[in-house]
**Q** 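Provided herewith is a single structure, encoded as structure tokens, for subsequent inquiry.
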Amino acid sequence: MPELTTSYVDSLAPNAAAIKNGQGLVRKKSFIRLHISENGELLFGQCTGSGKTPYECSVDFITPDNPVFRCTCPSRQFPCKHTLGLLYAYVEGQAFTPAPVPEDISSKREKAEKREENKAKQAAGGAESKPKKVNKSALKKKINAQLEGLDLLEKLVLSLIRGGLSTIDSKTLKTVQEHVKQMGNYYLSGAQTQLRRFALLLGKGENREESYTYAMEQLTRLHAFIKKARVYLTTRAGDPELALDHESTIDEWLGHAWQLSELKEYGLVKESVELLQLAFYSYDDPARQEFVDLGYWLETASGAIHRTVNYRPYKAAKLMREEDSFFDLARIPLLYTYPGDMNVRVRYEEMTSRAVEAKDLERVAASANRSYAEALKKVKNQLKNPLSDKTPVMLLHAASLGVTGSGQYVLTDDAGVQLVLDDIPSLPQGTLELLPFLPASAMKDCCVLVMFEHLLDQGRLVAQPLTIIQNGAITRLLY
């Protein structure tokens with residue numbers, strides 16, 4: 001069994017409500033029986049519910065990195081509040097009586113073991129170990145459709161640029177919305193999202209000059225995408241077996257959803273990785289029509305800042321697992337990395353955790369960029385690429401975090417170079433208002449995780465602090 005902590009159990013919950021409800025069962029003393037197997041691999045018990053018969057619930061750690069949840073309740077939520085409550089009861093130190101593994105669970109274990117054996121045999125037998133065959137005919141049809149869709153999108157983009165954004169009226173917006181729908185028919189879901197983002201910028205109606213500035217940037221990004229995608233797809237049409245581009249984000253822009261097996265095939269994996277989450281927040285992305293859970297993590301060995309992204313489509317959000325803040329150190333056997341530049345997206349299937357130790361925070365300090373001139377150069381190089389992430393995140397060391405005579409908060413590096421801090425539009429909340437509440441000791445010789453954004457309407461690069469690490473403490477400003 002892995003080290004069970006409240007943070008680890010929280011990470012298993014599908015949403016915040018499940019955490020609250022699971023903990024509520026423990027407070028209400030709803031568990032009438034709590035047992036643990038003799039080898040400590042299985043927690044099981046009974047929990048009172050709305051019916052006469054209590055629910056039989058269990059959490060099986062026969063595979064420590066991949067616990068199996070079982071419960072007789074009718075809930076469609078997984079894991080349910082009863083199995084989570086079982087774990088919270090254990091974490092809180094409630095008494096679990098040793099007992100033999102129930103027969104029904106032993107039977108289910110045997111069936112699961114046989115399924116795994118069959119999978120291993122199939123893989124060893126060659127059916128799944130052979131290279132995946134490409135359906136050339138289907139792929140060529142898809143590529144031709146995508147190229148046709150790019151032509152349609154290019155005509156729209158060029159007409160909008162020639163006419164000027166000031167001439168756009170409700171009729172033009174309706175045309176844009178029609179093209180948004182059509183992009184899906186041409187297998188261009190990535191372009192569909194970006195075109196919808198453009199339409200939303202125009203429909204804001206708040207600060208027209210600001211909206212037009214960012215809408216024009218969005219058109220520029222779409223035009224750059226069209227040019228790069230056409231070259232890429234034309235090459236693939238000539239050779240349908242051509243590998244996916246595992247170095248850039250072009251396939252993601254085209255709408256390709258990377259499978260873990262594909263990332264592994266292209267060598268985009270790392271073994272035995274430890275990650276420390278430094279920031280987390282969720283937001284609504286109407287362009288994607290999804291809720292997004294976004295976490296920024298430090299890879300302790302390399303010092304790189306990665307991000308985890310969990311998408312929850314509007315229609316299925318209630319049934320999907322909602323990510324949350326994670327305060328322990330995550331130990332990951334196999335980490336999958338996506339193509340990209342700074343802050344590449346990562347995913348994993350299995351994870352164990354342990355408490356954060358002093359040595360982990362020492363690694364954080366050692367990983368921080370100490371030269372703002374070099375850090376800004378890296379950020380600006382990324383922002384020059386129109387298809388790159390426009391809000392890169394970096395960990396910076398600050399000799400001091402203070403206020404100038406004009407009232408602006410600034411970070412100062414060891415060489416005396418200053419970086420002005422400000423709240424940026426892309427984040428769901430500001431953080432500067434929290435800085436006055438920090439103790440003076442946290443404002444010197446500290447590490448600060450910041451997000452950069454180029455404010456086009458103001459012509460300046462801005463950095464917003466997300467987290468401050470100092471004196472063995474991690475203070476998250478964003479929540």
Side-chain angles (χ1 to χ4, degrees), residues 274-280 295-307 329 341-344 356-384 388-424 426-427 430-455 458-478:
E274 292 188 337
L275 297 180
L276 178 63
Q277 190 185 85
L278 297 182
F280 174 87
Y296 287 98
W297 306 70
L298 173 78
E299 183 182 341
T300 57
S302 67
I305 301 294
H306 303 311
R307 59 191 173 98
L329 188 97
D341 300 316
M342 294 174 61
N343 313 134
V344 295
V356 177
E357 302 173 358
K359 63 179 181 180
D360 302 317
L361 297 180
E362 290 174 2
R363 290 177 178 176
V364 172
S367 302
N369 292 272
R370 304 188 76 93
S371 169
Y372 295 173
E374 293 180 6
L376 290 174
K377 182 179 179 180
K378 186 175 181 180
V379 169
K380 289 177 180 178
N381 284 337
Q382 162 136 333
L383 295 179
K384 288 177 183 178
S388 67
D389 177 18
K390 295 305 178 183
T391 53
V393 169
M394 294 191 78
L395 182 65
L396 304 177
H397 174 268
S400 66
L401 193 171
V403 184
T404 65
S406 59
Q408 290 181 310
Y409 276 98
V410 295
L411 296 179
T412 306
D413 68 7
D414 296 331
V417 177
Q418 292 187 330
L419 177 66
V420 177
L421 301 177
D422 204 347
D423 293 328
I424 61 179
S426 293
L427 288 172
T431 57
L432 292 193
E433 60 185 12
L434 300 176
L435 295 181
F437 298 98
L438 292 174
S441 59
M443 313 284 270
K444 294 181 180 179
D445 191 24
C446 56
C447 297
V448 185
L449 187 73
V450 299
M451 177 179 285
F452 291 90
E453 182 172 8
H454 183 218
L455 303 183
Q458 300 178 29
R460 63 191 183 102
L461 183 65
V462 175
Q464 179 174 335
L466 307 182
T467 305
I468 296 176
I469 304 97
Q470 209 267 355
N471 282 341
I474 300 177
T475 304
R476 303 192 187 201
L477 304 175
L478 197 65

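These numbers come from the heavy atoms of this one structure, side chains and all, not from hydrogens, waters or symmetry mates.
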**Q** State, with a plain yes or no, whether a side-chain heavy atom of T431 is found less than 4.5 Å away from one of D423.
**A** yes
**Q** Determine whether L427 and T391 make a side-chain contact, defined as any pair of heavy atoms from C-beta on separated by less than 4.5 Å.
**A** no
**Q** In sequence, state the C-alpha distance, the side-chain angles, and the governing distance for I424 and M451, and then conclude on side chain to side chain contact (heavy atoms under 4.5 Å, CB included).
**A** CA-CA 8 Å; I424 61 179; M451 177 179 285; 3.6 Å; yes
**Q** Ignoring hydrogens and angles, tell me if any N or O in the side chain of N343 forms a donor-acceptor pair with the backbone of V393 under 3.5 Å.
**A** yes
**Q** Going by the side-chain contact (heavy atoms from CB on, under 4.5 Å) test, name the single residue among L455, L421, V450 that passes it with V462.
**A** L455
**Q** What is the distance from atom CZ of R363 to atom CD of E357, rounded to the nearest 0.5 Å?
**A** 9.5 Å
**Q** Does any N or O in the side chain of Y372 come within less than 3.5 Å of the main-chain N or O of H397, such that one atom is a donor and the other an acceptor?
**A** yes
**Q** Walk me through it: do L361 and I474 pass the test side chain to side chain contact (heavy atoms under 4.5 Å, CB included)?
**A** CA-CA 9 Å; L361 297 180; I474 300 177; 3.7 Å; yes
**Q** With L466 as reference, evaluate L449, L278, L395, V448 under the side-chain contact (heavy atoms from CB on, under 4.5 Å) test and give the passing residue.
**A** L449
**Q** Show the nearest heavy-atom pair for residues A368 and C447, with the distance to one decimal.
**A** CB-SG, 3.8 Å
**Q** CG of L432 to CG of D422: how many Å apart, nearest 0.5 Å?
**A** 6.0 Å
**Q** Using modelled atom types only, decide if a donor and an acceptor are shared between the side chain of Q470 and the backbone of S441 within a distance under 3.5 Å.
**A** yes
**Q** Measuring from L419:CG to D413:CG, what's the distance to the nearest 0.5 Å?
**A** 9.0 Å
**Q** Using the rule given for side chain to side chain contact (heavy atoms under 4.5 Å, CB included), can you reason through L298 versus D360, listing the C-alpha separation, both sets of side-chain angles and the distance that settles it, and then say yes or no?
**A** CA-CA 10 Å; L298 173 78; D360 302 317; over 6 Å; no
**Q** Roughly how far, to the nearest 0.5 Å, is the OG atom of S400 from the CG atom of D445?
**A** 10.0 Å
**Q** Say you draw a straight line from CD of E453 to CG of L461; how long is it, rounded to the nearest 0.5 Å?
**A** 9.0 Å
**Q** Does any N or O in the side chain of Q382 come within less than 3.5 Å of the main-chain N or O of M342, such that one atom is a donor and the other an acceptor?
**A** yes
**Q** Please check if any side-chain donor atom of S371 sits under 3.5 Å from a side-chain acceptor atom of N369, or the reverse.
**A** no
**Q** Let me confirm one number: the CG-CG distance from L435 to L401, rounded to the nearest 0.5 Å.
**A** 6.0 Å
